[in-house]
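Computation of the quantities below employed the complete heavy-atom set of this structure, encompassing side-chain atoms and omitting hydrogens, waters and symmetry-equivalent molecules.
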Amino acid sequence: MNTERTNAYRRVLHTLEELGPSKLQPDEQDRIRYAADSLIFCAELERDDAALEALTDIELLSHALVDSGRWEQATADRLERDVLECGPPRYEALEAA
């Protein structure tokens with residue numbers, strides 16, 4: 001774990017505090033929290049099926065929130081980025097560097 005991941009986790013929690021009660025159903029809040037928790041404790045994303053599934057779930061949730069008109073695209077993009085940044089760097093990104 002590092003400072004960047006910790007800061008991303010804090011941003012996700014802040015989003016839940018700020019928007020959660022008014023813009024998210026309790027099960028949606030749980031899904032976001034589960035994804036952030038899965039990623040913050042993940043050592044290798046490519047080898048952690050639960051973390052990968054949680055990321056996919058956040059993408060689906062983000063699309064549903066935007067499609068329903070409940071969230072703006074920028075807010076959904078920020079949430080997806082923050083949840084992703086809770087996890088370790090992706091192997092493909094390291095390989096390309």
Side-chain angles (χ1 to χ4, degrees):
M1 189 159 342
N2 60 33
T3 303
E4 291 82 13
R5 290 175 70 181
T6 303
N7 288 339
Y9 188 79
R10 284 188 188 126
R11 289 192 304 270
V12 171
L13 295 182
H14 180 74
T15 298
L16 289 172
E17 288 174 22
E18 291 284 312
L19 301 177
S22 63
K23 298 282 186 177
L24 292 166
Q25 300 295 322
D27 66 308
E28 294 166 337
Q29 293 178 51
D30 290 343
R31 289 166 64 186
I32 294 167
R33 192 171 291 107
Y34 176 79
D37 288 348
S38 295
L39 285 155
I40 198 76
F41 294 113
C42 177
E44 283 187 60
L45 189 56
E46 287 75 15
R47 296 177 186 242
D48 191 325
D49 290 339
L52 289 170
E53 288 175 20
L55 274 178
T56 300
D57 185 52
I58 290 303
E59 291 174 10
L60 294 171
L61 176 60
S62 294
H63 290 297
L65 291 169
V66 170
D67 291 346
S68 70
R70 292 169 48 204
W71 276 31
E72 296 294 322
Q73 185 66 54
T75 305
D77 290 345
R78 186 174 63 243
L79 174 69
E80 285 185 46
R81 184 186 65 244
D82 288 343
V83 170
L84 177 62
E85 289 177 0
C86 287
R90 297 202 64 149
Y91 181 72
E92 298 89 5
L94 292 176
E95 208 172 63

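Transitive grouping of hydrophobic side chains (ILVMFWY, heavy atoms separated by less than 4.5 Å) keeps Tyr34 and Leu19 in distinct clusters. A continuous path of Ile, Leu, Val, Met, Phe, Trp and Tyr side chains, each step under 4.5 Å between heavy atoms, connects Leu45 with Phe41, placing both in one hydrophobic cluster.
If you run side chain to side chain contact (heavy atoms under 4.5 Å, CB included) between Ile58 and each of Val12, Leu84, Val83, only Val83 comes through.
The CG atom of Leu60 sits 7.0 Å away from atom CZ of Arg31, with the distance rounded to the nearest 0.5 Å. In this structure, CG on Asp48 lies 7.0 Å from OG on Ser38, to the nearest 0.5 angstrom. Note: Lys23 NZ to Gln29 CD = 13.5 Å, rounded to the nearest 0.5 Å. One distance of note links CG of Asp37 with CZ of Arg33; it measures 8.0 Å at 0.5 Å rounding. Here His14 contributes atom NE2 and Asn7 contributes atom CG; the two are 13.0 Å apart, rounded to the nearest 0.5 Å. To the nearest 0.5 Å, atoms CG (Leu16) and CD1 (Ile32) are separated by 5.0 Å.
A pairwise comparison of heavy atoms in Val66 and Glu72 identifies CG2-O, 3.9 Å as the closest pair. Residue Leu24 comes nearest to Arg70 through the heavy atom pair CA-NH2, 3.7 Å, listed as atom of the first residue, atom of the second, then distance. In plain terms, the two heavy atoms of Thr6 and Ile40 that are nearest each other are N-CD1, 4.2 Å. Residues Glu46 and Leu52 approach most closely at O-CD1, 4.0 Å, considering heavy atoms. Taking all atoms of both residues into account, the shortest heavy-atom contact from Pro88 to Cys42 is CD-O, 3.6 Å.
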Carefully, step by step, assess Glu85 and Glu4 under the rule side-chain contact (heavy atoms from CB on, under 4.5 Å).
CA-CA 7 Å; Glu85 289 177 0; Glu4 291 82 13; over 6 Å; no
For Tyr9 and Leu39: C-alpha separation, side-chain torsions, deciding distance, then whether side-chain contact (heavy atoms from CB on, under 4.5 Å) applies.
CA-CA 9 Å; Tyr9 188 79; Leu39 285 155; over 6 Å; no
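Between the side chains of Asn2 and Arg5, not a single donor N or O lies within less than 3.5 Å of an accepting N or O.
At distances below 3.5 Å, not a single donor-acceptor pair connects side-chain atoms of Glu28 with backbone N or O atoms of Leu61.
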